[in-house]
Chemist: 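Before anything else, here's the structure in question.
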Amino acid sequence: MHKILSNKLTIFLLVFPGLLLFIFALFVPIFLSVYYGMTDYSGMGKLNFIGFDNFINIFTNDPVFWHSVRNALLLGIGFVVIQHPLCIVFAILLDRIGNKIEKVYRTVFFIPCVISTVVTTKMWVNILDPNVGMLNKVLDAVGLGFLKQEWLGNPKTALLSVLFICIWQGFGWGMLIYYSGLKGISEELYEAAKIDGATSMQVYSRITLPLLKPVIRINVTLAMIAALKQMETVYLATNGGPGDATQFLANYLYIRAFSRFEYGYANAISVIFVIICLLATIISNKLLASDKEGY
Amino acid sequence: MRYGKEGKNRVKINEAKVSTSNKIIIAFLTVFAFSSLFPLIWLLDFSLVKAGDLFASNILIWPDPPLWSNYATAWVDGKIPQFLFNSVFVTSLTIVITIFVSITMGYAFTRMRWKLSKFCLTLILLGMMIPIHATLLPNFIVFNKLGLINSYLGLLIPYIAFGMPVGTFIMTGFLESIPVALEESAVIDGCGVFRIIFSIILPLLKPAMVTVAVMTFLSTWNEFIMAVTFLNDDKLRTLPFAVMNFAGQYSSNYSVQFAVMMITAIPSVIVYIFLNEQITKGVTMGAVKG
């Protein structure tokens, strides 16, 4: 047994193809990014090695970069403060109904999450359109016509609109994760609390929420990372505009590389972007681990 | 999954216990579900009426009769068959290869004994944290040099590479729960590792394979930013592109545009409705690891 399981050739055949592909498509690019990030490459022609100039510029002299970071944080806060409380409430409600209806609604709420972002984003672009969009028509119909806007074209409302689209699209994911977290809480606890005369409010605040805490942490982590990685919706809805009002990191580096032909600079942003994502994950994993010890 | 069983128990208790408050909850959920899906209803509605109807002040219009011809136009002028074929081709290859690679790797990580096992597993799982967007720029240059731009391989390679971490994670978890006894007796009977994987492990891994397949399907089928970056030939482009293309070409023909969007959305919704349980499982398993 032992001999067969430590056969070098077998191990090589099992691991090598996948590992090679993985390193080629994921790790090599990151190292290349570090390299290109230290050059003034435009995407074609000659390139000069300029050391850490790009990185220094990003940190000291690039308001759009910081604006993108700020927008990611705002989106993260939007997820945590608006989306997640809703997710938890609806997960609890769903969990309480039982039978077939529970399943039907669980399915319905998740539908936006399985549809391509291209479709949902373009749909919202049309809904928010000042000429044909549904939103302005609805506002007219309920007598709030004075609120009518060019939602994605006005710098004041564009960011809010983009955040709203992201929150709408991600609602189902968040809810589904809370929902399965709730399924992990033993029914006996609820029964015992009922017998002790707890009101349903007490049950939720003393039993459900505390026991859901690990799931909340995971979900909040996922939301923050999703906010950092946001690109598709912004790319399709506003491409960061008007101005750079709705700029996000991934979209920003894409624009710098492919529209402004500052490939080297864009790669430097890309490197910082990876580091931010890794740091966010590591920090939140640390928080998660300390949470486990607490129990 | 553990919660599956407990869920069933709870259903019974609930049915007996609450019913009037249930009705209120259901009514509330219905209102919320309706308003959160209303944009999609709006999209469907206006894909079935005349293009100009969207300029009227109505919020919805009863399609009388529904103009299915919009879908026919979308299908033909939107080059849907071409895009659909590419999507099906790229997605199915990605799924098959991702599953295959995840199983062989998962097996090596859980059963085989080698020094770098832990290290390699960590490396692969690290892939879950790397944003695809950070690989776009360097991969564009590399793929360009290797002639992979504008080829199916240019999509397949990154799709598989990004599907692998989650796939391997799910397979490793599942393999750990399978007792080794079966394999031990197979070894005594003179089976090699590959025979073991294909004749003993594969049938047992079916549920995990379905989960990985479904997760890979959703991410690949809907992926779009790499497709934009690595392809610029309509012959190779995937379905999300139909929407982009059409929005440019027929910018004022909203009905047909909306029909293209519906056609793009429908396959994943159908897959979701059929494989609902597996997707739910996949989402929560993926989340536990983060």
Chemist: Identify, with sequence neighbours excluded, every residue that meets side-chain hydrogen bond (donor to acceptor under 3.5 Å, both in side chains) alongside A:K229.
Modeler: none
Chemist: Closest approach of B:Y272 and A:R106, non-hydrogen atoms and distance?
Modeler: OH-O, 3.8 Å
Chemist: Between B:W114 and A:S6 (side chain of the first, backbone of the second, donor and acceptor by atom type, cut-off under 3.5 Å), is there such a pair?
Modeler: no
Chemist: Could you look at B:Y254 and say if it's the side chain, the backbone, both or neither that has a heavy atom under 4.5 Å from chain A?
Modeler: side chain
Chemist: Might you point out which heavy atoms bring B:F224 and A:L236 nearest each other, and give the distance in Å?
Modeler: CZ-CD2, 3.5 Å
Chemist: Go through B:I141, B:I188, B:T168, B:I97 and name the one with the most non-hydrogen pairs under 4.5 angstrom from chain A.
Modeler: B:I141
Chemist: Contact part of B:L43 toward chain A, heavy-atom cut-off under 4.5 Å: side chain, backbone, both or neither?
Modeler: side chain
Chemist: What residue in B:I157, B:I132, B:L218 has the most heavy-atom pairs under 4.5 Å with chain A?
Modeler: B:I157
Chemist: If you count every heavy atom of other residues, nucleotides or ligands that lies below 6.0 Å from B:F100 atom CZ, does the total exceed 12?
Modeler: no
Chemist: Is there a donor-acceptor contact under 3.5 Å from the side chain of B:N139 to the main chain of A:P29?
Modeler: no
Chemist: Do you know which of B:I279, B:I266, B:V101, B:I130 has the most heavy-atom pairs with chain A at a distance under 4.5 angstrom?
Modeler: B:I130
Chemist: B:I26 versus chain A, heavy atoms under 4.5 Å apart: side chain, backbone, both or neither?
Modeler: both
Chemist: To check you understand the geometry: which heavy-atom pair defines the closest contact between B:W42 and A:M123, and what is its length?
Modeler: CZ3-O, 4.2 Å
Chemist: If I measure from the heavy atoms of chain A, does B:I197 come under 4.5 Å with its side chain, its backbone, both, or neither?
Modeler: side chain
Chemist: Between the side chains of A:Y254 and B:T229, does any donor sit under 3.5 Å from an acceptor?
Modeler: yes
Chemist: How would you list, by chain and number, every residue that makes a ring pair (Phe, Tyr, Trp, His ring centres under 6.0 Å) with B:F274, sequence neighbours excluded?
Modeler: none
Chemist: Might you work through the ring-ring contact (aromatic ring centres under 6.0 Å, His included) test for A:F22 and B:F162, ending with a clear yes or no?
Modeler: CA-CA 8 Å; A:F22 183 75; B:F162 275 101; 8.1 Å; no
Chemist: Take the angle between the ring planes of B:F140 and A:F258 and call it parallel below 30°, perpendicular above 60°, tilted in between.
Modeler: perpendicular
Chemist: Tell me the closest heavy-atom pair linking A:R96 and B:N22, and the distance in Å.
Modeler: O-OD1, 3.6 Å
Chemist: Identify, with sequence neighbours excluded, every residue that meets salt bridge (Lys or Arg N to Asp or Glu O under 4.0 Å) alongside A:R260.
Modeler: A:E262
Chemist: Taking the six-membered ring of B:F46 (Phe, Tyr or Trp), confirm whether the NZ or CZ of A:K137 is under 6.0 Å from its centre and within 45° of its axis.
Modeler: yes
Chemist: Checking B:I263 against chain A: side chain, backbone, both or neither under 4.5 Å from a heavy atom?
Modeler: neither
Chemist: Where does the angle between the aromatic ring planes of A:F273 and B:H133 fall among parallel (under 30°), tilted (30 to 60°) and perpendicular (over 60°)?
Modeler: tilted
Chemist: Of all the residues in residues 113-120 of chain A, which have a heavy atom that comes within less than 4.5 Å of a heavy atom in chain B?
Modeler: A:V114, A:I115, A:S116, A:V118, A:V119
Chemist: Using a 3.5 Å distance criterion without hydrogens, assess whether the side chain of B:T135 forms a donor-acceptor pair with backbone atoms of A:L26.
Modeler: no
Chemist: Run the side chain to side chain contact (heavy atoms under 4.5 Å, CB included) test on A:L19 and B:I124 for me, step by step, so that the C-alpha distance in whole Å, both residues' side-chain angles and the decisive distance to 0.1 Å come before the verdict.
Modeler: CA-CA 8 Å; A:L19 198 63; B:I124 300 271; 3.7 Å; yes
Chemist: Could you tell me which non-hydrogen atom of B:R113 sits nearest to which non-hydrogen atom of A:I11, and how far apart they are?
Modeler: O-CD1, 3.8 Å
Chemist: At a heavy-atom separation under 4.5 Å, does B:V142 approach chain A through its side chain, its backbone, both, or neither?
Modeler: side chain
Chemist: Looking at A:C277 and B:P131, what are the two nearest heavy atoms and their distance?
Modeler: SG-CG, 3.8 Å
Chemist: In terms of heavy-atom proximity below 4.5 Å to chain A, should B:M164 be classed as side chain, backbone, both, or neither?
Modeler: side chain
Chemist: For a side chain to side chain contact (heavy atoms under 4.5 Å, CB included) check, start with the C-alpha distance between B:Q257 and A:K122, then their side-chain angles and the critical distance, and finish with the verdict.
Modeler: CA-CA 10 Å; B:Q257 257 189 67; A:K122 284 288 170 202; over 6 Å; no
Chemist: Where on B:T98 is there a heavy atom nearer than 4.5 Å to chain A: the side chain, the backbone, both, or neither?
Modeler: neither
Chemist: Between B:I196, B:T264, B:L123, B:I103, which residue shows the highest count of heavy-atom pairs closer than 4.5 Å to chain A?
Modeler: B:L123
Chemist: Which is it for B:S36 and A:W168 under the side chain to side chain contact (heavy atoms under 4.5 Å, CB included) test, yes or no, and what are the steps along the way?
Modeler: CA-CA 8 Å; B:S36 100; A:W168 177 83; 4.3 Å; yes
Chemist: In terms of heavy-atom proximity below 4.5 Å to chain A, should B:F143 be classed as side chain, backbone, both, or neither?
Modeler: side chain
Chemist: Begin from the C-alpha positions of A:F90 and B:F28 and carry the test side chain to side chain contact (heavy atoms under 4.5 Å, CB included) through to its verdict.
Modeler: CA-CA 10 Å; A:F90 280 91; B:F28 181 63; 3.7 Å; yes
